[in-house]
Amino acid sequence: MSQEPYYRDTWAEINLSNIDFNIKQLRKHLKEETGIYAVVKANGYGHGDIQVAEQALESGADRLAVSLLDEAIKLRRAGMTCPILVMGWIRPEDAVVASEYDVAITVFQKEWFEQVETEKLKNPLNIHMKWDTGMGRIGIRTTEEMDAILNEIKKHPFFKLDAIFTHFATADEEDTSYYEEQERRLEELVNHLQKVWPEDVDIHSGNSAASMRFPDRMKQFIRFGISMYGLYPSGDVKKERPIELQPAFSLNSRLIHVKKVGPGESLSYGATYTTSETEWIGTVPVGYADGWIRKLQGFEVLVDGKRHPIVGRICMDQFMIRLDQEYSLGSKVTLIGKQNQEEVHMDDVAEHLETINYEIPCTISYRVPRMYIKHGHIVEVENSL
Ligand SMILES: *Cc1c(COP(=O)(O)O)cnc(C)c1O
């Protein structure tokens, strides 16, 4: 356990016990034979990739998935020995590096194989063929493309077809018709593969939404991202609540200045806020460089278990709030999370910003130290500065 010191009054808490809870909730619903990829791309959706990966594997996840080869290598260097998949495109010239780190990669273009420096390969290259069944992002769309890639794979003994996979575009929506169309296309491609490829190949398709809503329809593996972190993939799924989830991320700070301001005084850049009476104003040392972006002006944070509005423009490193009374310096400010009975949920932040919850923790920057909590105790503090 490491506890890197930090010297500011702002920190994120990541509750690893909640990640454990969320994985176990899903595990209870999945078929016994369905394995779990814990998706820890983008620094574990801002929660910390290594810490989340370790917890996920301990809690019943079997494998890890990321978007970039660099992210996979970071996990390997941290000592992760389980299978790791890069779900995004990698450059053919980097295939050798992927094989050296025993990282499985995603391939969907026949031309890709021509540029791999096969003479440098010393280890097998585990390939997951991506199928585009309706996401329209990356992946093969026809059986001809599939055949062409299978043909390339046959050309080198180190090319190993590990799995095929697809990604759903609308699994989080109440209307399941497009989702079902994608499943139908997946079945078509699977039928073709089984005719032309003699070996067993794993299939993985479900994201959080699909795996929670349709656990019985899942294949050999699912890829569990947002809901591992305790967030529902959409309002529709939140309403449906296929399983219970506990958010893992909270964001906290402290009042570093409290003052009484008379009526008619203006605050912050642009002087956009003017007091209408005598008001207590608190300063919070968090700003847009921490990922607390300027559009959050007018949103609320918690002090003493009560909501207080952000007034005036959010600066790079600080913002002001209007307090309902005087509070002492050092009073805890919760930007995301609970205080007593009151809660500012990640979904509230997302709603204010007219975006999805996924985007919020990813945006909380490297400047905010991450404190890891397990069974109510601090088990690690990471300061990326
Ligand atoms: C990010 C990602 C996932 C995880 O999706 P969630 O909705 O967060 O569960 C799964 N598969 C792919 C290909 C992804 O890019």
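When a ligand or atom number is given, it counts from 1 through the structure's own listing order.
Using a 3.5 Å distance cut-off with no hydrogens or angles, the side chains of Tyr6 and Asp9 do not pair a donor with an acceptor. Side chains of Glu180 and Ser177: no donor on one and acceptor on the other come within 3.5 Å.
Counting atoms of ligand 1 from 1 in the listed order, those under 4.0 Å from a heavy atom of Asn207 are 5 (O), 7 (O), 9 (O). Short contacts between ligand 1 and Met87, defined as distances under 4.0 Å to a heavy atom of the residue, involve ligand atoms 2 (C), 11 (N), 12 (C), 13 (C), 14 (C), 15 (O).
Tyr288 and Tyr269 fall into different hydrophobic clusters, where Ile, Leu, Val, Met, Phe, Trp and Tyr residues are linked whenever their side-chain heavy atoms come under 4.5 Å apart, directly or through other members.
At least one heavy atom of Tyr358 sits under 4.0 Å from some atom of ligand 1. Under a 4.0 angstrom heavy-atom cut-off, Arg137 registers as being in contact with ligand 1.
Among all non-hydrogen protein atoms, the one lying nearest atom 11 (N) of ligand 1 is Arg223 NE, 2.8 Å. Ranking protein heavy atoms by distance to atom 4 (C) of ligand 1, first place goes to Tyr45 OH, 3.4 Å.
Every N/O-N/O distance between Ala209 and ligand 1 stays at or above 3.5 Å. On a distance-only criterion, Lys41 and ligand 1 share at least one N/O pair closer than 3.5 Å. By the 3.5 Å distance cut-off applied to N or O atoms, Gly225 is counted among the residues near ligand 1.
The option from Ser227, Ala38, Ser208 that lies nearest to atom 9 (O) of ligand 1, judged by heavy atoms, is Ser208.
Within a 6.0 Å sphere centred on CD of Glu33, other residues, nucleotides and ligands contribute more than 12 heavy atoms. The environment of Arg91 atom CZ is sparse: at most 12 non-hydrogen atoms of other residues, nucleotides or ligands sit within 6.0 angstrom. Annotation: Glu119, atom CD; neighbour count of heavy atoms from other residues, nucleotides and ligands within 6.0 Å is above 12.
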Salt bridge (Lys or Arg N to Asp or Glu O under 4.0 Å) evaluation trace for Asp49 with Lys74: CA-CA 9 Å; Asp49 46 8; Lys74 182 181 172 197; 2.9 Å; yes

